Protein chains: 2
Amino acid sequence: MTKIEKTLENKSVRPTAMRILIYKYMAEKKIAVAMTDIENVFEKAERTTLYRTLKTFEEKGIVHQIDDGTNISKFALCELGCSCELDQDLHLHFHCSNCNETVCLTEHKIPHINLPEGYIAEEANLVLKGICDKCSGH
Amino acid sequence: MTKIEKTLENKSVRPTAMRILIYKYMAEKKIAVAMTDIENVFEKAERTTLYRTLKTFEEKGIVHQIDDGTNISKFALCELGCSCELDQDLHLHFHCSNCNETVCLTEHKIPHINLPEGYIAEEANLVLKGICDKCSGH
DNA sequence: TTTTTCAATGCAACAGAAGTGCAATTAATG
DNA sequence: CATTAATTGCACTTCTGTTGCATTGAAAAA
C-alpha cells in the first residue's frame, strides 16, 4: 500500500485508481488546479467523476477549494497544519494575473480583524492578486 | 436634474432611465446585490442590458464588483473614499452564511501583508464569512 | 427642424461551469 | 459465491455570463 493510499484511507476515502491518480497529480503540481486542468489531464475519465472526486476530497479535508476571483474554482491539497476541515483555513492565496496561476501561501496567515458588534466570523478568505515570483523575474 | 443623474454624469455615464432605476435600487438596498436580484426586480428589462449596465458602472467607478466566495458576482455602490477605480479597493466584505447577504465593511481596511521575495501585490480581496449582526441577534 | 451619428437597448444564440438522476460497474462484506 | 454499498459513466439540465447584430432613441451637426 502506497503512501497516497494510506493518506486517503486515513481520511476515510476509498483509495480507488481514479482518486489515487488525481491525488498524485495534485501533489506533483505545486499550484492550485482548476477542474479544466484535471479534465485535460484525465481525458478518458468522466467530468462528473472528477467533480465528485474533488467534492469528496473537500468534504474529507483532503483538498481545500480556493476562490481566487477568476470565477473558476480551484483546488489544492491540504498540508499538515492546514485547518480547513475546521472551516478555519486561515492561510492566504496569491493569484498571478500574468501566468494566471494560484498558489497557497501557507506560511502567511490572515491577520485577525476586529469586526463590528454583532458580527461573528467563522471563515476568512484572502486573495492577493499581482505578479508572482516567477513572472516578476526575481 | 436629480442627484442620481448628476452622479452619473460626473462619472461620464449617460443617465438613461434604466441606469437611473438600477442606481436607485442599489442605493436603497444597503447590501451587495447579485445579477439575479436585479433581474427579479426589473423583469421587463433584458438580462443583457442589466449586465452591460453593471459593467459600465464598474468601469466608470460607480460600483465595485464583489467576489464573496459564493461564485456569484455581487455589486455594491462605491462610496466616497472608495478607491476601487484605482484597482486598490482595500475595504473588506462580510458574507453571512445564514441570510446569505454580503455587506461592505468600508471602514475596515485590509491589513498590509508582507509577501515573499518576488511577489508583487496589486489587488487584494478579503471576505469574512460567518453570522452578521442581524442574524446573530445583537 | 431635419438629418446624421453614436450610444443604448433588445433579441437570439452561445459558451462554460456546475449539478442531478439513473444505469452500469466495481469493490467490500457476509 | 451472493449481497450490498460505493463509485463511475452517461445523458441531460440549469445557471451565469458573453457576443453579434438589428433596432431604438437621444444628442449633435447641418
Side-chain angles (χ1 to χ4, degrees), chain A residues 1-2 4-25 32-60 62-75 95 100 102, chain B residues 1-2 4-25 32-60 62-75 95 100 102:
Chain A
M1 182 180 271
T2 70
I4 292 180
E5 288 178 72
K6 257 185 214 154
T7 309
L8 294 180
E9 290 215 332
N10 283 343
K11 302 276 187 175
S12 28
V13 171
R14 289 231 306 253
T16 66
M18 195 72 254
R19 287 170 176 173
I20 294 171
L21 284 174
I22 293 180
Y23 190 100
K24 204 182 226 165
Y25 170 69
V33 297
M35 267 306 303
T36 45
D37 297 330
I38 301 183
E39 282 178 42
N40 292 335
V41 173
F42 303 100
E43 284 182 323
K44 291 158 292 180
E46 256 305 298
R47 226 165 35 85
T48 322
T49 305
L50 303 177
Y51 268 103
R52 289 201 260 233
T53 301
L54 286 177
K55 207 173 184 183
T56 306
F57 278 11
E58 201 203 351
E59 283 162 2
K60 303 291 181 164
I62 296 172
V63 303
H64 59 273
Q65 191 165 0
I66 304 166
D67 181 358
D68 62 7
T70 58
N71 272 332
I72 295 165
S73 289
K74 306 247 166 77
F75 298 88
H95 176 75
N100 208 30
T102 300
Chain B
M1 182 179 271
T2 70
I4 293 179
E5 288 178 73
K6 258 185 211 151
T7 309
L8 294 181
E9 290 216 331
N10 283 343
K11 301 277 188 176
S12 28
V13 171
R14 288 233 303 255
T16 66
M18 194 74 255
R19 288 170 175 173
I20 294 171
L21 283 173
I22 293 179
Y23 190 101
K24 205 180 225 166
Y25 169 69
V33 298
M35 267 305 304
T36 45
D37 298 329
I38 301 183
E39 282 178 43
N40 292 336
V41 174
F42 302 100
E43 286 182 322
K44 292 157 293 180
E46 257 303 296
R47 225 161 41 88
T48 323
T49 306
L50 304 177
Y51 268 101
R52 288 201 261 235
T53 301
L54 285 177
K55 208 171 183 183
T56 306
F57 278 11
E58 201 202 350
E59 284 163 1
K60 303 292 181 164
I62 296 172
V63 304
H64 59 273
Q65 193 165 359
I66 303 166
D67 181 357
D68 62 6
T70 58
N71 272 332
I72 296 166
S73 289
K74 305 248 167 77
F75 298 87
H95 176 75
N100 208 30
T102 300

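Fair warning: this is a prediction, and the values are worked out from it, not measured in the lab. Letters go in sequence order (proteins before strands), and every chain restarts at 1. The figures here come from the full heavy-atom set of this structure, side chains too, leaving out hydrogens, waters and symmetry mates.
Between A:Ile72 and B:Arg19, the residue anchored closer to the 5' end of DNA chain C is B:Arg19, taking for each the nucleotide with the nearest heavy atom.
Note: CG (A:Leu8) to P (D:dA6) measures 17 Å, nearest angstrom. C:dA18 atom P lies 12 Å from atom CG of A:Leu50, rounded to whole Å. For the pair A:Ile66 CD1 and C:dA17 P, the computed distance is 17 Å after rounding to whole Å. Residue A:Asn71 contributes atom CG, which lies 11 Å from atom C1' of C:dG16 at whole-angstrom precision.
Side-chain atoms of B:Lys11 and B:Phe57, non-hydrogen and from C-beta on, never get closer than 4.5 Å to each other. Between B:Met18 and B:Leu50 the shortest side-chain heavy-atom distance falls below 4.5 Å. Under the 4.5 Å side-chain criterion, counting only non-hydrogen atoms from C-beta, B:Lys74 is not in contact with B:Asp67.
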Given the rule in the side chain to side chain contact (heavy atoms under 4.5 Å, CB included) test, do B:Arg47 and B:Tyr51 qualify, once you have shown the distances and angles that lead to the verdict? CA-CA 6 Å; B:Arg47 225 161 41 88; B:Tyr51 268 101; 3.7 Å; yes
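The distance from the OG1 atom of B:Thr56 to the CD1 atom of B:Ile22 is 9.5 Å, given to the nearest 0.5 Å. Rounding to the nearest 0.5 Å gives a distance of 4.5 Å between OG1 of B:Thr7 and OH of B:Tyr23. The CZ atom of B:Arg19 lies 8.0 Å from the CG atom of B:Leu8; values are rounded to the nearest 0.5 Å. Between atom CD of residue A:Glu39 and atom CD of residue A:Glu46 there is a gap of 9.5 Å, rounded to the nearest 0.5 Å.
The side chain of B:Thr16 places no N or O atom within less than 4.0 Å of a non-bridging phosphate oxygen (OP1 or OP2) of C:dA8. Taking side-chain N and O atoms only, B:Ser73 has no distance below 4.0 Å to OP1 or OP2 of D:dT16.
Contact record, A:Ile20 with A:Pro15: CD1-O, 3.5 Å, taken as the closest heavy-atom pair. Scanning all heavy atoms of the two residues, the minimum distance from A:Met35 to A:Leu54 falls at SD-CD1, 3.4 Å.
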Distances for protein N or O near nucleotides 24-26 of chain D N or O, under 3.5 Å:
none

What are the atom names and distances for every N/O pair under 3.5 Å that joins the protein to nucleotides 19-25 of chain C?
from   : atom 1 : to      : atom 2 : distance (Å)
C:dG19 : O6     : A:Arg47 : NH2    : 3.2
C:dG21 : O6     : A:Arg52 : NH2    : 3.2

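If you check residues 35-46 of chain A against DNA chain D, the residues with a heavy atom closer than 4.0 Å are A:Glu46, listed by number.
A distance-only check finds a donor-acceptor pair linking the side chain of A:Asp37 to the backbone of A:Ala34 [under 3.5 Å].
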